[in-house]
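Structure, as structure tokens:
Order of the sequence lines sets the chain letters (A, B, ...), proteins ahead of strands, with each chain counted from 1. In what follows, every heavy atom counts, from backbone to side chain, and hydrogens, waters and symmetry copies are set aside. What you are looking at is a predicted structure, and each value in this text was computed from that prediction instead of being measured.
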Amino acid sequence: MIVGEQKPLAEIKGMLEDYRKVLVLGCGTCVTVCFAGGTKEVGILASSLRMATQLDGNAKEMDEETVQRQCEWEYIDPLEERLGDYDAILSLGCGIGVQALVERFPKMRVLPGLNTTFLGLPSEQGVWEERCQACGECILHLTAGICPIARCSKQLLNGPCGGSQDGKCEIDPELACVWQLIYERMSEFGMLDKLMEILPPKDWSTSRDGGPRRIVREDLRLPEDYQEGESSP
Amino acid sequence: MTDTSTNGYKSGSNLERVLAAGHFAVTGELGPPKSHDAEVVRRKAEFLKGLVDAVNLTDNQTAIVRLSSIAAGVILIQEGLEPVVQMTCRDRNRLAIQSDLLGAAALGVKNILCLSGDHQSFGNHPTAKNVHDVDSMQLIQMLKDLRDESKFQCGEEVEGDSGPCFFIGAAANPFGDPFEFRPFRLGKKIAAGVDFIQTQLIYDIPRFKEYMKRVVDMGLHEKAHILGGVGPLKSSGMARYMRDQVPGMIVADEYVDRMTAAVAGIPKEEKKARREAWRAQGIKICIEQIQEIREIEGVAGVHIMAIEWEEAVKPIVEGAGLLPRPRVDGE
């Protein structure tokens, strides 16, 4: 899932300085699951902002709403008729949600209430960890199903580096050395000979380095003369 | 174009010739300054002149911005010393690396040490973006392809008669984990094309011996020259810090104890006396280590890292009986 984290209240307050009536808009998918931007967090943040702005003598009106998914038109289109009332939307969606709102409602001011942090999972309750960098060319079959692109601090393809000690990464004693994990798993499966193969320089063109990415599936596109209400081809 | 004839050698560097002739090699290290002051490089070089076969120039060591390793290397050449230019994968992508390698070769650099690089979070620009387009293993391959195939990483040919001819070095940490994999990782670097290895600082000789035994059993010492990394301890505090705080490093308690004992009976206020006692002990330990490491099968030399204490190199190499340095003709 996409993992996000709420921005500090002071930063959010600063963003809202010029707006009086704000819609705090949550998203019911990834950021709900990671307790950053669902209905509950929308409620808490909206109350905090109401109180904080009132204490400042500059009370703002904060309405609350959560849509199922901020990143799909069908879930955000119904908001349109209500938006005239607001000076801004404070989105608790990920960066994709914020931009979907901007694209759909170009006249609205949309502000990010979250920092979108990574693609990951909850490794235990209250702890989320990065697992994927969306590099566009998966190599998990070469590294025993553990990703060094997302999880090695130096993105080594032929690790571990000299800083691996007691299974930990040199940059953070809380962080597992992913090459230690890869080594152990390959060792367990009797695949250490594979670890002796030198992985060549990665093709980063499928990653963000190749420019913003886009996928076109002609088999799924609707014909140009397609009319709403017709069944899809 | 630079004369690239190497007379049967891979690079013709002094370090390569010394090692090829079977001498026990000695390399030193010089940390370029946090300024553009060439005099600092010259002054430090003076402490190493005639004492070592080549001198490593660190590349933004510990991720702190310093005068470039290539530029410092060229200053060393002007001073009559031979550089080993360190190159990390942290700060440059494959275009910048290859361009800098061509530049280094054009300016007379013959030895390159390939490194991943310390993570930027340790340095003075912790908010920087890192690169790691290639890793140290792939960097070794890149240098080898440039030299032996005259090809860039993309497969295109280098213009002219040949690619840049470097003596290719890399680091190895016998003390990192997983310990059992470390000799294999060295084997991987050799398969990638490395000619010489400088190890991480050794402060645990039994463990290094165990590592070297495995390396020799695998025959790796015959495929690349392995230089053991040593460095004089400056104080008991430094020894303790390296033992307890530096990831990937093992310091035997014996050294911490000996450094502590060195100042026994000297009051804390007598800073100068303590400093001198520590330094004398640090140099003494380093000399003993070199003598011990020299006896280990498969070790082809030592790499002395006395960063910010270049003056220590002279008493160390003298004390270890490594002078005068050999002169091997044939360039």
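- More than 12 heavy atoms of other residues, nucleotides or ligands shown are found within 6.0 angstrom of CZ on Phe175(B).
- Heavy-atom minimum distance, Phe122(B) versus Glu170(A): CZ-O, 3.2 Å.
- The environment of Arg109(A) atom CZ is sparse: at most 12 non-hydrogen atoms of other residues, nucleotides or ligands sit within 6.0 angstrom.
- With rounding to the nearest 0.5 Å, the separation of CG in Leu156(A) from NE2 in His132(B) is 7.0 Å.
- When heavy atoms are compared at a cutoff of 4.5 Å, Asp172(A) does not approach chain B at all.
- In this structure, chain A has no heavy atom under 4.5 Å from any part of Gln200(B).
- Proximity to chain B (any heavy atom under 4.5 Å) is restricted, for Pro200(A), to the backbone atoms N, CA, C and O.
- Separating the NE2 atom in His119(B) from the CD1 atom in Ile171(A) is a distance of 4.0 Å, to the nearest 0.5 Å.
- In this structure, Arg185(B) CZ and Tyr183(A) OH are separated by 13.5 Å, a value rounded to the nearest 0.5 Å.
- Between the side chain of Lys188(B) and the main chain of Leu195(A), a donor-acceptor pair closer than 3.5 Å is present.
- The two atoms that bring Gln153(B) and Pro201(A) nearest to each other are NE2-CG, 3.4 Å, heavy atoms only.
- With rounding to the nearest 0.5 Å, the separation of CG in Leu199(A) from CE in Met137(B) is 9.5 Å.
- Comparing Gln120(B), Lys189(B), Glu180(B) by heavy-atom pairs within less than 4.5 Å of chain A, the highest count is held by Glu180(B).
- Note that the CG atom of Asn93(B) and the CG atom of Asp209(A) stand 9.0 Å from one another [nearest 0.5 Å].
- Heavy atoms closer than 4.5 Å to chain A are found nowhere in Arg90(B), neither backbone nor side chain.
- One finds the CG atom of Leu157(A) at 5.5 Å from the CG atom of Asp135(B) (value rounded to the nearest 0.5 Å).
- At a 4.5 Å heavy-atom cutoff, Met142(B) makes no contact with chain A through either its backbone or its side chain.
- Nearest heavy atom pair, residue Cys161(A) against residue Arg182(B), reads O-NH2, 2.9 Å.
- A pairwise comparison of heavy atoms in Asp177(B) and Pro160(A) identifies O-CG, 3.7 Å as the closest pair.
- Of all the heavy atoms in Phe181(B) and Gly159(A), the pair that sits closest is CE2-O, 3.9 Å.
- Heavy-atom contacts from other residues, nucleotides or ligands closer than 6.0 Å to CD of Glu5(A) number 12 or fewer.
- Of the two parts of Lys202(A), only the backbone, made up of N, CA, C and O, holds a non-hydrogen atom closer than 4.5 Å to a non-hydrogen atom of chain B.
- A pairwise comparison of heavy atoms in Val246(B) and Gln165(A) identifies O-OE1, 3.9 Å as the closest pair.
- A donor-acceptor pair is defined here as one N or O able to donate and one able to accept, closer than 3.5 Å; such a pair exists between the side chain of Lys154(A) and the backbone of Gly117(B).
- Heavy atoms closer than 4.5 Å to chain A are found nowhere in Phe179(B), neither backbone nor side chain.
- Neither the backbone nor the side chain of Glu184(A) comes within less than 4.5 Å of any heavy atom of chain B.
- Enclosure of atom CD in Glu174(A) is not indicated, since only 12 or fewer non-hydrogen atoms of other residues, nucleotides or ligands lie within 6.0 angstrom.
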